[in-house]
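A short write-up of the structure that comes next.
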Amino acid sequence: MTEDPRRRTPRTDAVLADPAVAAAAARLGRVRVKTAVAATLEACRSGAVAPEDVVAHVLAVLPASATSLRRVVNATGVVVHTNLGRAPLSPAAVEAVTVAAGATDVELDLATGRRGRRGAAALAALAARVPDAGGVHVVNNGAAALALAACALATGRRIVIARGELVEIGDGFRIPELLESTGASLREVGSTNRVHLADYEAALDDETAFVLKVHPSNFRVEGFTSSVPVDALSALCREHGVPLVVDIGSGLLAPHPRLPDEPDATTVLRDGATLVTASGDKLLGGPQAGLLLGSAELVERLRRHPLARALRVDKLTLAALEATLTGPPPPVAVALAGRPEELLARARRLALAIGPDLATAVESEGRVGGGGAPGLPLPSAAVALPADLAEPLRSGEPPVVGRVADGRLMLDLLAVPAEADDELAEVVRRVATAERAG
Ligand SMILES: *Cc1c(COP(=O)(O)O)cnc(C)c1O
């Protein structure tokens with residue numbers, strides 16, 4: 001008769017002293033590892049885990065890293081996917097974040113040993129990419145940029161804005177409510193579908209702090225529509241001596257050939273806008289940030305406003321932003337440059353590698369997503385799989401997120417870096433095999 005395995009349950013100290021478990025504790029924190037050990041020993045006492053398997057079991061239930069966020073393969077065909085963290089950082093930006101993570105000279109001039117301008121290099125990089133901006137400033141996100149402008153310029157006064165541009169950004173947050181929360185009031189002009197220069201002109205008075213033009217970045221109004229272009233609006237504003245603030249949303253700094261209707265900072269400033277606001281993690285392809293570009297005097301006023309301190313970005317953001325602006329094209333730019341025939345060739349290779357019984361290469365249509373070029377199809381290619389693989393692939397390692405259409409699961413390659421193809425084929429094969437076995 002063998003001894004009851006429950007009597008052989010090892011002691012907590014002994015498990016924690018195992019070199020692999022000790023290494024995990026150094027990496028993930030002792031509390032987390034102790035919790036896993038306690039749960040495993042409980043399972044051992046109840047007979048669910050054999051005493052000799054305790055260490056292996058502890059290591060298996062521990063996460064790979066100290067963040068519970070997982071790296072995900074974005075096979076949705078949406079380049080800037082809000083639920084997947086918007087823009088993935090470029091390898092250069094990732095490296096910059098790692099460098100800046102420790103003690104760093106973000107606010108110190110190493111030559112003189114004195115305090116230096118915070119994030120000077122990132123700001124210089126932004127200014128260099130948009131020479132039409134007299135001044136630049138960076139805050140936490142696009143919403144923060146708007147809030148700062150409203151707070152500094154319009155508290156107790158009025159912002160003139162077209163009714164068709166009262167945008168809900170997402171998760172229930174609305175630009176008009178954001179602006180009003182700063183103590184500014186709104187003077188809405190025009191109708192849902194149409195606004196004319198005369199509407200703005202009639203609304204301008206002594207109470208006007210600025211005119212705001214917001215890019216309808218996540219919806220389209222079609223049919224009987226009209227809006228006032230920036231150049232016409234800026235001429236009117238100049239005549240009346242009020243600033244024109246333009247929220248372009250996506251963060252394009254210059255025109256993009258594939259996105260002809262998407263406003264960019266350079267063009268909007270050339271057309272006479274006083275101030276442009278934008279996000280850093282949409283089409284710019286960088287970290288979450290809010291960009292303020294425009295009149296040097298106005299930007300300086302915003303930068304010195306007390307609220308600016310509450311909205312300031314951390315060193316990791318500054319590092320990633322600088323690397324995004326000066327380094328190699330970030331993944332968003334690479335995806336936007338993707339050629340349909342190359343994507344289809346990749347889809348064919350992937351379908352072959354996965355197995356023709358399971359996978360077919362098909363043409364598909366991706367999207368910019370995340371507040372940019374709404375409705376614009378981006379020609380792409382996908383691997384079509386049985387729809388019932390959607391859930392197991394989302395729970396795969398790494399998780400793969402595709403989209404289900406016409407009863408099939410589409411793994412769209414537009415936002416998948418080509419270097420990830422082998423891993424993608426491997427995880428699909430592994431998951432599909434497990435599904436058929438199970
Ligand atoms: C995305 C967006 C915002 C909000 O920017 P965040 O960076 O998400 O805060 C504001 N305005 C427009 C037009 C947008 O597209």
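Ligands are counted one by one from 1 in listed order, and the atoms in each one are counted from 1 as well.
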List every atom of ligand 1 that sits less than 4.0 Å from any heavy atom of [X], numbering the atoms from 1 in the order shown and giving each element.
X	answer
Ile175	10 (C), 11 (N)
His215	13 (C)
Asp247	10 (C), 11 (N), 12 (C), 13 (C)

If you round to the nearest 0.5 Å, how far is [atom2] of [Y] from [atom1] of [X]?
X	Y	atom1	atom2	answer
His240	Asp205	NE2	CG	10.5 Å
Arg429	Thr433	CZ	OG1	8.0 Å
Leu179	Arg158	CG	CZ	14.5 Å
Arg70	Arg394	CZ	CZ	12.5 Å

Next item on the list: Would you check the N or O atoms of Ser279, main chain and side chain alike, for any that come under 3.5 Å of an N or O of ligand 1?
Entry: yes
Margin query: Any nitrogen or oxygen of Gly142, side chain or backbone, less than 3.5 Å from one on ligand 1?
Written below: yes
Tell me which protein heavy atom sits closest to [atom], plus the residue, atom name and distance to 0.1 Å.
atom	value
atom 4 (C) of ligand 1	Ile169 CG2, 3.6 Å
atom 1 (C) of ligand 1	Lys282 NZ, 1.4 Å
atom 9 (O) of ligand 1	Ala143 N, 2.8 Å

Checklist line | Close approach of Gln288 to ligand 1, heavy atoms, under 4.0 angstrom | finding: no
Notebook entry, point to check: Measuring from the heavy atoms of Arg86, does anything fall under 4.0 Å of ligand 1?
Noted result: yes
Notebook entry, point to check: Can you find a heavy atom in the side chain of Arg403 that is under 4.5 Å from one in the side chain of Ser364?
Noted result: yes
Next item on the list: Report yes if some heavy atom in the side chain of Leu389 is under 4.5 Å from a heavy atom in the side chain of Glu435; otherwise report no.
Entry: yes
Checklist line | Location of contacts on Ser217 toward ligand 1, heavy atoms closer than 4.0 Å | finding: side chain
Note to self: When you measure from the side chain of Arg118 to the backbone of Val313, do you find a donor-acceptor pair of N or O atoms at a distance under 3.5 Å?
What the structure shows: yes
Notebook entry, point to check: Has the side chain of Ser295 got a donor or acceptor atom that lies under 3.5 Å from a matching backbone atom of Leu298?
Noted result: yes
